[in-house]
Student: 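Submitted below is the structure of interest, expressed as structure tokens.
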Amino acid sequence: MEMEEMLEKAGENRDELIATEMLVTAKAAVRTYAVALTEAASPEVRDVLKRQLTQAINQHARIADYMMENGMYYAHDIKDQLKHDKKKVKTVKKLSKDKK
């Protein structure tokens, strides 16, 4: 595969790569706020953390919805998600072989 073809293919996957990274980051933010909330002693700090946790949960939902609507994420169908993931693994393997 020529470099130009590889770049074109990467461009097709760019949105999914970015969205996946955003989803992973959103999940980490939810966990972090939840842990911080359980450790907070001040009622004022807990209130702030609750609002931030809610915002993080809503952001995660928006990202996940976008990915599901665009065929990037199959949260409700594990078989389709596994098939999608296997396809991505094959693509990465092929790209890494072609690069050598």
Side-chain angles (χ1 to χ4, degrees):
M1 181 181 291
E2 294 294 321
M3 181 60 77
E4 188 174 300
E5 291 174 19
M6 288 173 57
L7 290 172
E8 186 176 308
K9 183 70 174 166
E12 293 170 9
N13 295 320
R14 181 184 59 235
D15 289 349
E16 183 173 355
L17 294 169
I18 292 169
T20 300
E21 185 59 34
M22 289 176 69
L23 187 67
V24 169
T25 301
K27 287 175 189 270
V30 168
R31 284 191 299 272
T32 301
Y33 283 126
V35 170
L37 183 59
T38 64
E39 299 295 329
S42 161
E44 294 85 5
V45 172
R46 282 196 300 270
D47 286 342
V48 169
L49 290 171
K50 285 177 192 176
R51 284 194 304 274
Q52 290 176 325
L53 176 59
T54 298
Q55 289 173 352
I57 291 168
N58 291 337
Q59 180 69 14
H60 174 274
R62 285 192 300 272
I63 296 165
D65 288 346
Y66 169 84
M67 292 180 72
M68 287 185 281
E69 289 167 7
N70 289 281
M72 301 174 186
Y73 185 45
Y74 301 90
H76 304 292
D77 190 333
I78 190 69
K79 287 181 182 178
D80 281 346
Q81 185 62 48
L82 287 172
K83 187 165 54 170
H84 185 70
D85 290 345
K86 286 178 183 179
K87 184 178 175 184
K88 287 191 292 187
V89 168
K90 282 182 180 180
T91 300
V92 169
K93 283 182 176 181
K94 183 172 179 11
L95 287 172
S96 65
K97 280 183 180 179
D98 291 343
K99 193 175 178 183
K100 291 180 181 179

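Small disclaimer: the values here were computed from a predicted structure and weren't measured.
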Student: As a quick check of understanding, evaluate side-chain contact (heavy atoms from CB on, under 4.5 Å) for D15 and Y66, giving each step before the final call.
Tutor: CA-CA 11 Å; D15 289 349; Y66 169 84; 4.3 Å; yes
Student: Given E21, which partner from the list L23, T25, L17 fulfils the side-chain contact (heavy atoms from CB on, under 4.5 Å) test?
Tutor: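 Testing each of L23, T25, L17 against E21, the sole residue satisfying side-chain contact (heavy atoms from CB on, under 4.5 Å) is T25.
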Student: Consider only side-chain N and O atoms of Q55 and H60, and report whether a donor and an acceptor are under 3.5 Å apart.
Tutor: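 Per modelled atom types, Q55 and H60 side chains form no pair under 3.5 Å.
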Student: Rounded to the nearest 0.5 Å, what's the gap from CG on D80 to CG on D85? Could you check?
Tutor: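 It comes to 11.0 Å.
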Student: CG/L53 to CZ/R31 distance, rounded to the nearest 0.5 angstrom?
Tutor: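 With rounding to 0.5 Å, CG (L53) is 12.5 Å from CZ (R31).
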Student: Would M68 and H76 satisfy side-chain contact (heavy atoms from CB on, under 4.5 Å), going step by step from the backbone distance to the final call?
Tutor: CA-CA 9 Å; M68 287 185 281; H76 304 292; 3.7 Å; yes
Student: How many angstroms lie between NZ in K86 and NZ in K83, if you round to the nearest 0.5 Å?
Tutor: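 Rounded to the nearest 0.5 Å, the NZ-NZ separation comes to 10.5 Å.
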Student: Nearest 0.5 Å please: distance from the OG1 atom of T54 over to the CD atom of Q59.
Tutor: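 That separation rounds to 13.0 Å.
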Student: Give a yes or no answer on whether the side chain of R46 reaches the backbone of A40 with a donor-acceptor pair at less than 3.5 Å.
Tutor: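 Answer holds: yes.
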Student: Got a second to check how far T20's OG1 is from Y73's OH, nearest 0.5 Å?
Tutor: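 Between atom OG1 of T20 and atom OH of Y73 there are 9.5 Å.
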Student: Okay, side chain of N70, backbone of M72: is any donor-acceptor separation there less than 3.5 Å?
Tutor: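 Answer holds: no.
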Student: Is a donor from one side chain sitting under 3.5 angstrom from an acceptor on the other, for Q81 and D77?
Tutor: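 Looking only at side-chain atoms, D77 and Q81 do not form any donor-acceptor pair under 3.5 Å.
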Student: Linking I/L/V/M/F/W/Y whenever any side-chain heavy atoms sit under 4.5 Å apart, do L37 and V45 land together?
Tutor: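 Yes, because L37 and V45 connect within a single hydrophobic cluster, where side-chain heavy atoms sit under 4.5 Å apart.
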Student: To the closest 0.5 Å, what do you measure between OG1 (T32) and CG (L49)?
Tutor: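 Rounded to the nearest 0.5 Å, the OG1-CG separation comes to 11.0 Å.
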Student: Do V24 and M67 share a hydrophobic cluster (ILVMFWY, side-chain heavy atoms under 4.5 Å, transitive)?
Tutor: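 Looking at the clustering, M67 is in a separate group from V24.
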